Amino acid sequence: MGKTFYSEGLKFECRRCSSCCRYSPGYVFLFNQDLKNLCKITGLPEIDFLRKYCREVTINGIKRISLKEKSNYDCIFWEEGGCV
């Protein structure tokens with residue numbers, strides 16, 4: 001079986017359109033640099049940021065860190081008009 005287009009992760013830059021981070025359940029996986037950047041922006045230590053904004057997801061036996069979603073499936077950082 002060949003590689004899928006997302007087998008090595010999706011590489012994209014956010015265009016702030018809100019089309020992929022709302023309405024449907026899913027995952028926003030964080031890489032180490034993403035986590036560092038978000039901690040810097042929020043001013044939170046890593047452990048506090050993880051507790052407040054992240055969840056652990058296990059897919060095919062592999063544990064990953066994903067941003068939490070609100071009850072309506074919007075990304076935890078989405079507010080009216082885009083990302084906080």
Side-chain angles (χ1 to χ4, degrees):
M1 189 164 135
K3 283 187 173 183
T4 59
F5 73 94
Y6 55 84
S7 63
E8 294 179 16
L10 297 175
K11 295 173 177 56
F12 67 95
E13 185 176 322
C14 180
R15 301 288 181 203
R16 301 184 61 81
C17 68
S18 303
S19 295
C20 65
C21 56
R22 301 187 65 210
Y23 310 121
S24 300
Y27 306 108
V28 178
F29 295 120
L30 300 180
F31 291 96
N32 287 334
Q33 191 59 51
D34 298 325
L35 182 57
K36 288 178 184 182
N37 291 342
L38 288 166
C39 288
K40 185 177 180 179
I41 289 167
T42 60
L44 292 173
E46 188 173 302
I47 191 70
D48 293 338
F49 182 89
L50 289 168
R51 285 186 183 135
K52 186 171 184 174
Y53 295 115
C54 298
R55 61 186 168 138
E56 186 177 274
V57 178
T58 303
I59 300 175
N60 297 327
I62 299 171
K63 292 183 180 183
R64 305 276 308 267
I65 298 298
S66 176
L67 291 176
K68 290 180 180 177
E69 295 173 325
K70 297 176 185 176
S71 61
N72 64 353
Y73 301 121
D74 287 356
C75 172
I76 190 119
F77 286 115
W78 198 92
E79 296 289 334
E80 286 300 320
C83 293
V84 180

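Note that this is a predicted model, so its numbers are computed, not measured. All residue numbers refer to positions in the sequence shown, counting from 1.
- The environment of Lys68 atom NZ is dense: over 12 non-hydrogen atoms of other residues, nucleotides or ligands sit within 6.0 angstrom.
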| message | Using side-chain contact (heavy atoms from CB on, under 4.5 Å), reason through Val28 and Phe77 one step at a time and then give a plain yes or no. | response | CA-CA 11 Å; Val28 178; Phe77 286 115; over 6 Å; no
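- Nearest approach of Phe29 to Asp34, heavy atoms of both residues: O-OD2, 4.2 Å.
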| request: Begin from the C-alpha positions of Cys54 and Leu67 and carry the test side-chain contact (heavy atoms from CB on, under 4.5 Å) through to its verdict. | output: CA-CA 4 Å; Cys54 298; Leu67 291 176; 4.2 Å; yes
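- Atom NZ of Lys70 is surrounded by more than 12 heavy atoms from other residues, nucleotides or ligands within 6.0 Å.
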| task | Evaluate the side-chain contact (heavy atoms from CB on, under 4.5 Å) criterion for residues Phe49 and Leu30: first the C-alpha distance (whole Å), next the side-chain angles of each, then the deciding distance (0.1 Å), finally the verdict. | result | CA-CA 12 Å; Phe49 182 89; Leu30 300 180; 4.2 Å; yes
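- Of the inter-residue distances, the one linking Ile76 atom CD1 with Ser66 atom OG reads 10.5 Å to the nearest 0.5 angstrom.
- Taking a 6.0 Å sphere around CG of Asn72, one finds it holds more than 12 heavy atoms contributed by other residues, nucleotides or ligands.
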| Full working for side-chain contact (heavy atoms from CB on, under 4.5 Å) between Leu35 and Glu46 | CA-CA 7 Å; Leu35 182 57; Glu46 188 173 302; 3.4 Å; yes
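- Residues Asp48 and Arg51 meet the side-chain proximity criterion, which asks for heavy atoms closer than 4.5 Å.
- Note on Ile65: it clusters hydrophobically with Leu44, by side-chain heavy-atom contacts below 4.5 Å among ILVMFWY residues.
- Within the model, atoms NZ of Lys36 and CD1 of Ile41 stand 14.5 Å from one another, a figure rounded to the nearest 0.5 Å.
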